[in-house]
Amino acid sequence: MSGSILLISGEEDVTCNFSKIAIDRLDKSKSAHYYKHFIYPGAGHSIGIPNVYINQGNKKETAFASLDSWKRTIAFYYKSIESVNK
């Protein structure tokens, strides 16, 4: 399997630890793939498209995480495309 990996986690989401484990494994294996993990303090599981329903975590932090991660996701994909085209 090949390709870039992007993980976005809210610190208040129980699945955040699984994302951290995945990143640790990528670090330890010295993965050649481009990968990033964005963790947002106070945010819950509902990080996604900005201004969409929030059902977990602090609403203000989750709303910020949704807006910020959307911008960072777009930047990640551009960077990912650059790394493939080299």
Side-chain angles (χ1 to χ4, degrees):
M1 187 168 150
S2 64
S4 301
I5 301 165
L6 175 61
L7 300 173
I8 300 171
S9 303
E11 221 172 41
E12 299 299 315
D13 184 2
V14 296
T15 65
C16 184
N17 288 330
F18 298 118
S19 297
K20 290 177 183 178
I21 291 168
I23 292 297
D24 286 345
R25 288 182 180 175
L26 288 166
D27 288 340
K28 287 178 184 173
S29 70
K30 298 184 185 338
S31 175
H33 301 294
Y34 178 63
Y35 60 93
K36 289 280 186 185
H37 185 200
F38 303 133
I39 301 173
Y40 290 93
H45 185 76
S46 298
I47 297 171
I49 299 170
N51 304 313
V52 176
Y53 177 73
I54 298 168
N55 69 352
Q56 192 184 49
N58 181 298
K59 291 185 182 204
K60 183 177 179 182
E61 279 81 356
T62 302
F64 169 79
S66 293
L67 182 60
D68 186 67
S69 67
W70 191 252
K71 295 174 192 173
R72 293 173 82 179
T73 296
I74 293 166
F76 173 87
Y77 284 121
Y78 278 115
K79 179 79 171 176
S80 179
I81 290 167
E82 290 172 6
S83 68
V84 169
N85 289 329
K86 287 185 178 180

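No donor-acceptor pair under 3.5 Å is formed between the side chain of Ser80 and the backbone N or O of Phe76. Put simply, the side chain of Thr62 gets close to the backbone of Gly44: a donor and an acceptor are under 3.5 Å apart. Looking only at distances, no side-chain donor or acceptor of Tyr40 sits under 3.5 Å from a matching main-chain atom of Ile47.
Between the CG atom of Leu6 and the NE2 atom of His37 there is a distance of 9.0 Å, given to the nearest 0.5 Å. Distance check, rounded to the nearest 0.5 Å: OG of Ser66 to CD1 of Ile8 gives 9.0 Å. To the nearest 0.5 Å, atom OG of residue Ser4 and atom OH of residue Tyr77 are 9.0 Å apart. For the atom pair CG of Asp13 and CD of Glu11, the computed distance is 11.0 Å after rounding to the nearest 0.5 Å. Atom NE2 of His33 sits about 8.5 Å away from atom CG of Leu26, to the nearest 0.5 Å. Taken to the nearest 0.5 Å, the NZ atom of Lys79 stands 14.0 Å off from the CZ atom of Arg72.
Both Leu7 and Tyr35 are part of a single hydrophobic cluster, where members link through side-chain heavy atoms under 4.5 Å apart. Linking ILVMFWY residues whenever their side-chain heavy atoms come closer than 4.5 Å, directly or via other members, leaves Ile39 and Trp70 in distinct clusters.
Listed here is the closest heavy atom pair of Ser9 and Cys16: CB-SG, 3.6 Å.
Here Lys28 does not pair with Asp24 in a salt bridge; the nearest charged N to carboxylate O distance is not below 4.0 Å.
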